[in-house]
Amino acid sequence: MPDLSLVIQEPTEGSAQLILLCHAAGADAASLLPLGERLCETFAQATIVSLQADTPAATPQGFEWFSTTGLSDENRPLRVAQALPALHMAVRDWQERSGVSAAATALIGLSQGAEMVLEACKLQPMLASRVVAMGGRFTTLPEAAPAVTTIHFLHGKQDQRIPYSHSVTAAHHLRDLGSDITAEVVPFVGHELHPDLIELAITKLSTHIAQHLWTVAQVAAPSSDTSPNASD
C-alpha cells in the first residue's frame, strides 16, 4: 500500500510529525489533497502522506479499504478486521521512513477511511497518538479505552450516509471509558470533505492539549499554598 501513497510533504531535514490521511470508499489518495495542502500550511515540519487503499471499488477508478458490496452489520467487523493489517503495515512503514514515533503520528480519515483509523486506534501497542475521524464511525464501539491518546470526531449534521449520531454516541461512550476526546457536529454540512471540517481538523491538531499532559502539568505545578504570593 505505501507504493500507492501520495506524498504531499516530506521535509528534507527530518520530520517532527507524521500525518497520514485515509480516503473515503470509491475515492483515492488524491481526493484528500485539499486537506493535505491545508495541513502543509500549518505543519511545515511534518511528513504528510495520503494513503491509498489497494482494493478497486465498485465505483469506476475508485478504491476502498474494504468491500461495500453486500455490506451489513453482521459482516462489517470481519471485513474491517481483514483490512486493518494492511493499514497497520503502511503506518509502521511510514513511521520508519520518516523517523517519527507513534507518539508524534496523527491519523485522519474521511468516511470509510475514518472507520479504518478509528478501528486502528484500538490496536496495541499504540499506532498513533491522535486520530481525527471525519464523517465516520466505529465498526463496533470499543470495550476498553483505545490506546490512542486523543480522538477528534468531526461530523456534518446533514450527513445522510453516516448519521452524525454515530460520532455523538462514540464520543459519550469513550468519555465514559476515560478517553480524551472532542466532538464537533457542524450544521449544514453533509457527507463531504467540507472546508469547515478541514479547518476544524487543523484547529484540533494544532491547539488541543491531551488530557494526560494537562494532568502531568498540574501535578508538576507548585500548589498555591507554597507560591511566593501565598498568605501565611
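For reference, positions follow the sequence shown, starting with 1.
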I8: which of T47, I48, L32 passes side chain to side chain contact (heavy atoms under 4.5 Å, CB included):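 Single pass found, and it is I48.
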
Residue that, paired with L197, satisfies side chain to side chain contact (heavy atoms under 4.5 Å, CB included) out of M134, H155, E192: M134

With no hydrogens and no angle check, do the side chains of [X] and [Y] hold a donor and an acceptor under 3.5 Å apart?
X: S31; Y: H23; result: no
X: Q17; Y: R130; result: yes
X: S15; Y: S98; result: no
X: R38; Y: T42; result: yes

Shortest non-hydrogen separation from G14 to P11 and the atoms involved: O-CB, 3.5 Å

Closest non-hydrogen atom pair between C121 and V131, with its separation: CB-CG2, 4.0 Å

side-chain contact (heavy atoms from CB on, under 4.5 Å) between V148 and T150, worked out: CA-CA 6 Å; V148 71; T150 304; over 6 Å; no

Hphob cluster co-occupancy, [X] + [Y], side-chain heavy atoms under 4.5 angstrom:
X: L177; Y: F153; answer: yes
X: V189; Y: Y164; answer: no
X: L71; Y: V80; answer: yes
X: L123; Y: F66; answer: yes
X: V168; Y: L154; answer: no

Spatial distance of atom [atom1] ([X]) from atom [atom2] ([Y]) [nearest 0.5 Å]:
X: I202; Y: L35; atom1: CD1; atom2: CG; answer: 6.5 Å
X: Q95; Y: L18; atom1: CD; atom2: CG; answer: 6.0 Å
X: T182; Y: H152; atom1: OG1; atom2: NE2; answer: 5.0 Å

Heavy-atom neighbours of R92 CZ exceed 12 at 6.0 Å: yes

More than 12 heavy atoms of other groups within 6.0 Å of F63 CZ: yes

Donor-acceptor pair, side chain of T169 and main chain of S165, under 3.5 angstrom: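 Here the side-chain-to-backbone pair exists.
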
Test item: E119 side-chain N/O and T139 main-chain N/O as donor-acceptor pair under 3.5 Å: yes

Beyond-backbone contact of S67 with R79, side-chain heavy atoms, under 4.5 angstrom: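 Yes, side chains in contact.
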
L87 side chain reached by C22 side chain, heavy atoms, under 4.5 Å: yes

Residues in side-chain contact (heavy atoms from CB on, under 4.5 Å) contact with A114, at least two apart in sequence or another chain: A133

